[in-house]
Amino acid sequence: RSNNLMGSSVYQDYFGHHVLTQGSAYLYLHGTDGAPRDTALEALAAVLVSPEAAREAVITMLAVRDARTGGLWYAREGHGVVDSALGLHAHPSDLDLFAMWGVTGYVAA
């Protein structure tokens with residue numbers, strides 16, 4: 001099963017490292033990838049298999065903060081583009097909790 005997770009890793013030039021992609025319809029049909037909650041869960045899953053992939057997932061997750069508010073964007077797409085899914089997820093309330101979970105899970109491992 002860890003092969004499926006690590007097989008989703010692709011190099012993204014914008015971030016300068018490999019990123020674990022969400023895949024599924026979000027990526028392949030809608031073109032968006034990686035709500036921070038998904039990236040946190042990917043980091044937690046990868047931490048025992050590939051600490052480097054987990055570290056890069058945490059860095060990616062924290063790199064998609066809004067420069068004005070400090071809040072996490074809902075998703076990333078393309079070359080560094082972030083969005084809120086047409087405003088549907090403009091004010092998610094759980095992303096910071098997942099971010100803290102991902103970071104502490106990585107650090108604790």
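In this chain, residues are counted from 1 in sequence order.
Criterion: ILVMFWY side-chain heavy atoms under 4.5 Å apart, direct or through other members. Under it, V82 and V19 are part of a common hydrophobic cluster. Linking ILVMFWY residues whenever their side-chain heavy atoms come closer than 4.5 Å, directly or via other members, places Y106 and L48 in the same cluster. V64 is connected to Y14 through a chain of hydrophobic side-chain contacts under 4.5 Å among Ile, Leu, Val, Met, Phe, Trp and Tyr, so both are in one cluster.
Closest heavy-atom contact between T32 and D83: CG2-OD2, 3.6 Å. The two residues A45 and V49 make their nearest non-hydrogen contact at O-CG2, 4.2 Å. Contact detail for A54 and V47: the closest heavy-atom pair is CB-CA, 3.6 Å. In this structure, V58 and G102 approach most closely via the heavy-atom pair CG2-O, 3.9 Å. The shortest non-hydrogen separation linking A53 to A46 is CB-CB, 4.4 Å.
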Exercise. Carefully, step by step, assess M61 and I59 under the rule side chain to side chain contact (heavy atoms under 4.5 Å, CB included).
Key: CA-CA 5 Å; M61 176 181 59; I59 290 170; over 6 Å; no
Exercise. Please test D66 against L72 for side chain to side chain contact (heavy atoms under 4.5 Å, CB included), starting from the C-alpha separation and ending with a verdict.
Key: CA-CA 6 Å; D66 185 314; L72 289 164; over 6 Å; no
Exercise. Take D13 and H79, measure what side chain to side chain contact (heavy atoms under 4.5 Å, CB included) needs, and give me the verdict at the end.
Key: CA-CA 8 Å; D13 189 52; H79 191 71; 3.9 Å; yes
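Considering CZ of R76 and CD of Q22, their distance stands at 8.5 Å, rounded to 0.5 Å. Here the straight-line distance linking atom CD of Q12 with atom NE2 of H18 works out to 10.0 Å at 0.5 Å rounding. Interatomic distance, S9 OG to L20 CG, rounded to the nearest 0.5 Å: 5.0 Å.
Cluster partners of L41, using a side-chain heavy-atom cutoff of under 4.5 Å among ILVMFWY residues and allowing indirect links, are L44, F98, W101. Taking Ile, Leu, Val, Met, Phe, Trp and Tyr as hydrophobic and joining them when side-chain heavy atoms fall under 4.5 Å apart, one finds L27 in a cluster with Y28.
In this structure, the side chain of T39 does not engage the main chain of A57 through any donor-acceptor pair within 3.5 Å. Side chain of T60 to main chain of E56: a donor-acceptor pair is present (N/O by atom type, distance under 3.5 Å, no hydrogens or angles).
With sequence neighbours left out, the ring-ring contact (aromatic ring centres under 6.0 Å, His included) criterion links H91 to no other residue. Residues forming a salt bridge (charged side-chain N to carboxylate O under 4.0 Å, His left out) with E52 (at least two apart in sequence, or on another chain): R55.
Applying the ring pair (Phe, Tyr, Trp, His ring centres under 6.0 Å) rule to pairs touching residues 32-76 yields Y74-H89, sequence neighbours excluded. Annotation: salt bridge (charged side-chain N to carboxylate O under 4.0 Å, His left out) contacts involving residues 88-109, sequence neighbours excluded, comprise R37-D94, R65-D96.
Side-chain atoms of V103 and L62, non-hydrogen and from C-beta on, do get closer than 4.5 Å to each other.
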